[in-house]
Amino acid sequence: MTSYKTIKDVAVITIENPPVNALSLAVREGILDGLSRASKDDTVCAIVIIGGGRTFPAGADISEFANGKAFTKPLPQIIEKIESTQKPIVCAIHGTAFGGGLEVALGCHYRIASTRSKVGLPEVNLGILPGAGGTQRLPRLIGVWLAAEMICSGKPIEAVDADAKGILDDLVEISSLESVQTEYDKLLDAAITLALRVKNHSLEGKRVSQLKVEPVSDFFYEQLALQISKNARGMNAPLQALKAVKASAMFPFKEGMQREQQILGRLFVSSQAKALQHIFFAERQTMKIPGIDMKKGVPIKFVGVIGAGMMGSGIAINFIKKGIPVVLIDAEQEFLDRGVKAIEDYFKGRVKKGKTTRFLADRSLGYLRPSLHYEDLSNVDLVIEAVFENLDVKKSVLKHLDEICKPQTILCTNTSTLDIDQIASATNRPDRVIGTHFFSPANVMRLMENVAGSKTSERTIASVMQISKTISKIPVLVGNCFGFIGNRMLFPYNNQANALLQEGAFPHDVDKVLYDFGFPMGLFQMSDLAGNDIGLHIRKAQGIVDPSQRDPNERYVSTTADKLCEMKRFGVKSSKGWYSYAKGSRKGRPDKEVMDLIVENSKAEGFVRRNISAKEIEERCLYALINEGFKCLEEGMAYKPGDIDIIWIYGYGFPPQKGGPMHYADAVGLKKIYDSILQYGKADPKTSAWKPSKLLEQLASSGKKLAKYWTKKLKAQSNL
Ligand SMILES: CC/C=C\C/C=C/C(=O)SCCNC(=O)CCNC(=O)[C@H](O)C(C)(C)COP(=O)(O)OP(=O)(O)OC[C@H]1O[C@@H](n2cnc3c(N)ncnc32)[C@H](O)[C@@H]1OP(=O)(O)O
């Protein structure tokens, strides 16, 4: 896990734990061993610590948190050992020196970094804090203000920025064209040169723990705490990390470390840390699908997008940003021009905000080829249609594409609800047809539901999952059912919210409970923002708006929602929906007209309105959502519980600190959820969403946890 060599009397300890050189127990032991050898060897005058391969350690080994291994020869002790070594230690950073990696660097006496590298303390994103001395050393090195900002936000910074802040002693210029090997060679060279230059220098002032912290006023802490409460609402770790930073300014290093460790201990065992660490791994597991070999994907080098509306232009941006040429097609010059302008404005905005340079923006725009002619798609490797959400329209587009595109071209349909098999049936290549459900705005939202039809081939799936990754999306493979996973689960959740209105709640009551649970907004606010006509369009497609077409045995809860659309209360865009809005504002106010309508509908539909507790609102919305998630798993529409969690966190704002609906279900207890579902179903037998999932029933009665059960099941499958 580490190697040791000497170059020109400098000991070089190289950390070799690919892919990210996480600081596992074996790495920590390797560092200790290297330090001991270098200290004992009289010919060694200085030490360099460097990461092998592509990076300096990207942190402590997160997989050691759950099994407790992190506490054997713990990182703070290793860093103390590094800092107290009598020979100068130079740390050479490339790639991503994150978390424990940066904390190791802070324990070294000198730090140099490649200009391509990044450093950061992202621990708060895992529900913990930089608990290997990071909260005590960084303020000593760069001051409380800058350190608190880095630690509490968890955001990494570029090496150039780190140098300006005083974290680094020097930068090694590496161009974007140079290979990782050249970067490593140049960095090592520079580190050895520096080590030889400082070999006889005193280490006075070079041990960060011995530096003094300039205190700041309480006002600073109060302001930052306010900002954190707003930006990271519901998250414990950032505020706790701030407390630890404050301790650095109040106490000597040793005492500060004790405070840091106490806080770390509490955070470590918290439900938030477990949830956030679950999300970290679940996000990386979405590419691991039983029976799909991702290596079978074909490279996608040329892409077509049909439809230059908001969705199509957003999709095109993702590709051209990564240097993949896109032919953007629309039927009308006017629409095409509008789409191109939207794309140009997007890049202009990025340049203005300093997020990119004019040169890079122009380079991306150079990859865009607007066209009115489908024939220009004859040679693309993959095409995504983003036309109107209508089955017949989409089928005719796919049929046309099938005739024009080369036989190998993958045809993707961007839909949020429609049947992929039906769309694929319009072509002679159903194996090369797949759903790509982008979330709006498509250039911002990272989630993608990739929908496999019954004939979609392994090669098509692998190709689309790979290219989704290339364009920096988080792709989740899902099965072909109405609404796929995200929207399918949204229906019963939304259904309960509307049912609660019938029984006695108002939109602001439901929204408050969901906001307090941790969602960025409640369902009615979300509906107003998206446009209430979208829901109506879907209900019409389901054939349930017309009372004569409804199943009389199924409760209908959307009378008020339908009437709102009749009243042209479409939401924010018409300044009134479930709420009313001041012109240009997205902040809704409860509206008497809507509340009266709700009360009137309750009466007309035979409900005696009652006070409904926050607990009941929360349980009914969330348990209906969770029950549907279990159904998705038992039907094989979702491949893993973690996939559902990722969809709901990245697509629907489920609070990450609760780990997603399926993780949350395990945390609440499946028996409790199952029993509540039975109870709610008894009171409301006409709501099919209360029919409990068989999988939920089975796990609830056997006392098992979903996560454990599913991991075992997948293991057994892969051993078959
Ligand atoms: C007891 C001490 C307590 C506290 C002090 C210290 C705490 C910490 O250091 S916590 C860790 C802080 N670091 C991070 O949060 C960084 C996490 N990693 C990343 O952000 C990214 O992985 C990356 C930017 C470093 C690289 O991104 P990318 O190139 O996209 O690769 P992947 O994310 O797909 O990762 C590849 C592979 O590595 C696994 N992995 C990444 N980081 C860690 C880690 N710190 N520990 C264990 N494993 C890690 C990741 O799961 C992937 O694994 P698979 O290929 O098996 O999926």
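Numbering of ligands and ligand atoms starts at 1, following listing order.
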Heavy-atom nearest option to atom 51 (O) of ligand 1, drawn from K469, Q285, R284 = R284
Honestly, for P19 the part within reach of ligand 1 (heavy atoms, under 4.0 Å) is side chain
Who's closest to atom 11 (C) of ligand 1 heavy-atom-wise, of L126, T286, L129?
-> L126
What do we get for D61 next to ligand 1 when only non-hydrogen atoms under 4.0 Å count, side chain, backbone, both or neither?
-> both
Would one find an N or O of R54, backbone or side chain, under 3.5 Å from an N or O of ligand 1?
-> yes
N/O separation below 3.5 Å, E103 to ligand 1 = no
Judged by non-hydrogen atoms, does K288 sit under 4.0 Å from ligand 1?
-> yes
Within a distance under 4.0 Å of any heavy atom of T96, pick out the atoms of ligand 1 and give their elements.
-> 25 (C)
Answer yes or no for K118: is there a heavy-atom contact with ligand 1 below 4.0 Å?
-> no
Return yes if a side-chain donor-acceptor contact under 3.5 Å exists between T460 and S463, otherwise no.
-> no
Aromatic ring proximity F65/F71, centre distance under 6.0 Å = no
Side chain R28, main chain T72, donor-acceptor under 3.5 Å | yes
Where on F71 is there a heavy atom closer than 4.0 Å to ligand 1, on the side chain, on the backbone, on both, or on neither?
-> neither
Check whether any protein heavy atom sits under 4.0 Å from atom 39 (C) of ligand 1.
-> no
Distance-minimising heavy-atom pair for V208 and E83 = N-OE2, 3.0 Å
Do Y367 and F319 have their ring centres less than 6.0 Å from each other?
-> no
Side chain, backbone, both or neither: which part of N125 comes within less than 4.0 Å of ligand 1 when only heavy atoms are counted?
-> neither
With sequence neighbours left out, write down each residue that passes side chain to side chain donor-acceptor pair (under 3.5 Å) with Q210, or none if nothing qualifies.
-> none
For ligand 1, find out whether one of its N or O atoms is nearer than 3.5 Å to an N or O atom of I62.
-> yes
Just heavy atoms, cut-off under 4.0 Å: does P122 contact ligand 1 by side chain, backbone, both, or neither?
-> side chain
Option whose closest heavy atom lies nearest to atom 41 (C) of ligand 1, chosen from V20, T135, V124 = V20
Ring center gap for F439 and Y652 short of 6.0 angstrom = yes
Distance, nearest 0.5 Å, that separates CD1 of I82 from CD of E80 | 11.0 Å
Is NZ or CZ of R284 both nearer than 6.0 Å to the six-membered ring centre of F280 and within 45° of the ring axis?
-> yes
Out of L75, L267, L264, indicate the one that has the non-hydrogen atom closest to atom 3 (C) of ligand 1.
-> L264
For K186 and D189, what are the C-alpha separation, side-chain angles and deciding distance, and is it a salt bridge (charged side-chain N to carboxylate O under 4.0 Å, His left out)?
-> CA-CA 5 Å; K186 282 190 175 175; D189 217 37; over 6 Å; no
